[in-house]
Amino acid sequence: MGKKVGIVCCSNGQLVTYREEINNLLLELQSRDIEPVLSDYIYSDGSVVSGSAEERANALMDFYKDDLIMDIYDISGGDIANEVLPYLDFDIIRKSGKIFYGYSDLTTVINGIYSMTGNESVLYQVKNLVWDKTGTQKKQFLSDEMFKFDYEFINHASMKGILVGGNIRCLLKLAGTKFFPDMNNKILLLEAFSGLEPQIRTYFAQLAQLGVFKKVNGVLLGTFTEMDKRNKTADVINVAREYIGCEVPLAKTNDIGHSSLSKAVVIGREYFFINENNN
């Protein structure tokens with residue numbers, strides 16, 4: 001086999017009914033000369049967890065310590081990923097040079113890694129390889145195309161800065177902790193799976209009350225799945241504009257979020273977004 005990658009589950013434990021799906025994912029990775037190595041804490045023990053917070057964190061750290069493991073893919077999502085943060089050794093993570101991949105609730109771990117180490121991570125769910133039935137993800141996986149996404153500006157025509165954020169609900173779990181990223185001069189990515197207007201409003205209100213929108217160089221909206229399904233995307237944009245104001249650049253992409261066709265984006269990397277129609 002080629003390079004080894006660690007497979008972890010820092011958030012909700014995987015149901016045993018997902019075993020076939022996970023096995024198909026492992027076969028897909030193996031077909032690409034990637035050898036997946038599973039954590040001992042993948043499947044739910046009958047509750048929401050696959051192991052204690054410390055056990056899940058130690059399993060993740062074992063992969064960071066293993067010189068044969070190149071990168072780490074988290075295949076979970078849900079609610080409990082922030083439990084592992086106090087048990088992580090960020091000095092080891094910083095020095096490892098390994099890239100952590102995850103999405104949704106793993107927004108907590110990804111932004112925690114950036115805040116504590118400055119390291120980049122990738123907001124992406126590797127299960128897209130088996131969830132997407134069009135073959136697009138398989139064709140684009142780990143290529144430059146996987147990281148290219150379209151966007152359009154709503155306010156202003158450009159913004160530049162290191163990208164932080166991800167799932168808005170999960171990012172806010174870090175508020176008031178040392179794991180919440182410094183928002184000064186950043187581009188803030190915000191997307192969501194669940195939530196209708198009352199929830200979206202309260203998330204934006206909390207970010208505003210934290211002073212985030214006075215610090216960032218711009219905001220990039222991804223998809224808001226539940227609102228989008230109800231044809232309420234315009235309402236999300238209106239709420240964002242209400243709280244962000246007119247002075248902060250605001251852009252929208254439909255390529256980042258919870259869709260099985262979603263592209264990858266690098267948290268902790270500097271991006272320069274520009275409205276090319278104005279060139």
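Cluster membership check: Ile72 does not share its hydrophobic cluster with Tyr41, using side-chain heavy-atom separations under 4.5 Å among Ile, Leu, Val, Met, Phe, Trp and Tyr. When the side chains of ILVMFWY residues are joined at heavy-atom separations under 4.5 Å, either directly or via intervening members, Leu172 and Phe204 end up in a single hydrophobic cluster. Residues Tyr87 and Ile92 are members of separate hydrophobic clusters, defined by side-chain heavy-atom contacts under 4.5 angstrom among Ile, Leu, Val, Met, Phe, Trp and Tyr. No continuous path of ILVMFWY side-chain contacts below 4.5 Å connects Met70 to Ile34, so the two sit in separate hydrophobic clusters. Linking Ile, Leu, Val, Met, Phe, Trp and Tyr residues whenever their side-chain heavy atoms come within less than 4.5 Å places Ile162 and Met116 in a single cluster.
To the nearest 0.5 Å, the span separating CE on Met61 from CZ on Phe90 amounts to 8.5 Å. Expressed to the nearest 0.5 Å, how far CG of Leu189 lies from CG of Leu171 amounts to 9.5 Å. Put simply, OG1 on Thr107 and CZ on Arg169 are 9.5 Å apart, with the number rounded to the nearest 0.5 Å. The distance from atom OG of Ser104 to atom NE2 of His258, rounded to the nearest 0.5 Å, is 3.0 Å. Expressed to the nearest 0.5 Å, how far OH of Tyr64 lies from CZ of Arg94 amounts to 12.0 Å. Considering CD1 of Ile256 and CG of Asp150, their distance stands at 10.5 Å, rounded to 0.5 Å.
In this structure, the side chain of Ser11 engages the main chain of Gly77 through a donor-acceptor pair within 3.5 Å. Between the Arg19 side chain and the Gln14 main chain, no donor and acceptor come within less than 3.5 Å of each other. At distances below 3.5 Å, not a single donor-acceptor pair connects side-chain atoms of Asn128 with backbone N or O atoms of Gln137. Of the possible donor and acceptor atoms, one in the side chain of Asp71 sits under 3.5 Å from a partner among the backbone N and O of Ile99. Side chain of Gln206 to main chain of Tyr203: no donor-acceptor pair is present (N/O by atom type, distance under 3.5 Å, no hydrogens or angles). Side chain of Asp228 to main chain of Phe224: a donor-acceptor pair is present (N/O by atom type, distance under 3.5 Å, no hydrogens or angles). Not one N or O on the side chain of Asn217 forms a donor-acceptor pair closer than 3.5 Å with the backbone of Ile187. A donor-acceptor contact shorter than 3.5 Å is absent between the side chain of Tyr151 and the backbone of Asn275. Panel note: side chain Ser96, backbone Ile93; a donor-acceptor pair is recorded below 3.5 Å. Although no hydrogens or angles enter the test, the distance criterion places no donor-acceptor pair under 3.5 Å between the side chain of Lys4 and the main chain of Glu35.
The existence of a salt bridge linking Glu21 and Lys127 is confirmed by a sub-4.0 Å separation between a basic side-chain nitrogen and an acidic carboxylate oxygen. Ion pairing of Lys139 with Glu145 is absent here, as no side-chain N (NZ or NE/NH1/NH2) approaches a carboxylate O to less than 4.0 Å.
You'll find the side chain of Val239 stays beyond 4.5 Å of the side chain of Val236, heavy atoms only. In this structure, the side chains of Lys214 and Met183 stay at 4.5 Å or more apart for every pair of heavy atoms. In this structure, the side chains of Val212 and Lys186 stay at 4.5 Å or more apart for every pair of heavy atoms. For the pair Leu29/Leu129, a side-chain contact is recorded, criterion being any heavy-atom separation below 4.5 Å from C-beta on. Proximity of Thr233 to Lys252: side-chain heavy atoms (C-beta onward) are separated by under 4.5 Å at one or more points. A heavy-atom distance below 4.5 Å is not found between the side chains of Lys65 and Asp89. Inter-residue side-chain proximity for Thr108 and Phe179 is flagged as unmet; no heavy-atom pair is nearer than 4.5 Å. In this structure, Ile42 and Ser50 have side chains that are not in contact, with every pair of non-hydrogen atoms separated by 4.5 Å or more.
The neighbour count for Tyr43 OH, taken as heavy atoms of other residues, nucleotides or ligands under 6.0 Å away, is above 12. Within a 6.0 Å sphere centred on CZ of Phe193, other residues, nucleotides and ligands contribute 12 heavy atoms or fewer. At most 12 heavy atoms of other shown residues, nucleotides or ligands fall within 6.0 angstrom of atom CG in Asp67. Other residues, nucleotides and ligands contribute over 12 non-hydrogen atoms within 6.0 Å of the NZ atom of Lys98.
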Ser115 and Phe180: CA distance, side-chain angles, deciding distance, side-chain contact (heavy atoms from CB on, under 4.5 Å) verdict: CA-CA 7 Å; Ser115 296; Phe180 193 71; 5.7 Å; no
Stepwise side-chain contact (heavy atoms from CB on, under 4.5 Å) test for Leu220 and Phe149: CA-CA 12 Å; Leu220 176 65; Phe149 53 91; 4.0 Å; yes
Derivation of the side-chain contact (heavy atoms from CB on, under 4.5 Å) call for Phe141 and Glu28: CA-CA 11 Å; Phe141 186 61; Glu28 178 63 32; over 6 Å; no
Working for side-chain contact (heavy atoms from CB on, under 4.5 Å), residues Ile75 and Gln125: CA-CA 6 Å; Ile75 59 172; Gln125 172 57 270; 4.2 Å; yes
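The residue from Asn167, Asp105, Asn82 that alone fulfils the side-chain hydrogen bond (donor to acceptor under 3.5 Å, both in side chains) condition with Lys173 is Asp105.
Here the closest non-hydrogen pair linking Cys246 and Asn155 is CA-ND2, 4.0 Å. Contact between Leu142 and Tyr101 at its shortest, heavy atoms only, is CD2-OH, 3.6 Å. Residues Arg241 and Leu250 come closest through the heavy atom pair CG-CD2, 3.6 Å. The shortest non-hydrogen separation linking Gln140 to Met146 is O-CB, 3.3 Å. Minimum interatomic distance between Gly2 and Asp33 (heavy atoms only, all atoms of both residues): N-OD1, 2.9 Å. Of all heavy-atom pairs spanning Thr117 and Asn119, the tightest one is OG1-N, 2.9 Å.
Ring geometry for Phe273 versus Tyr271: interplanar angle under 30°, hence parallel rather than tilted (30 to 60°).
Thr223 and Asn254 are not linked by any side-chain donor-acceptor pair at a separation below 3.5 angstrom, with hydrogens and angles left out of the test. In this structure, a donor-acceptor pair under 3.5 Å is absent between the side chains of Glu191 and Tyr103.
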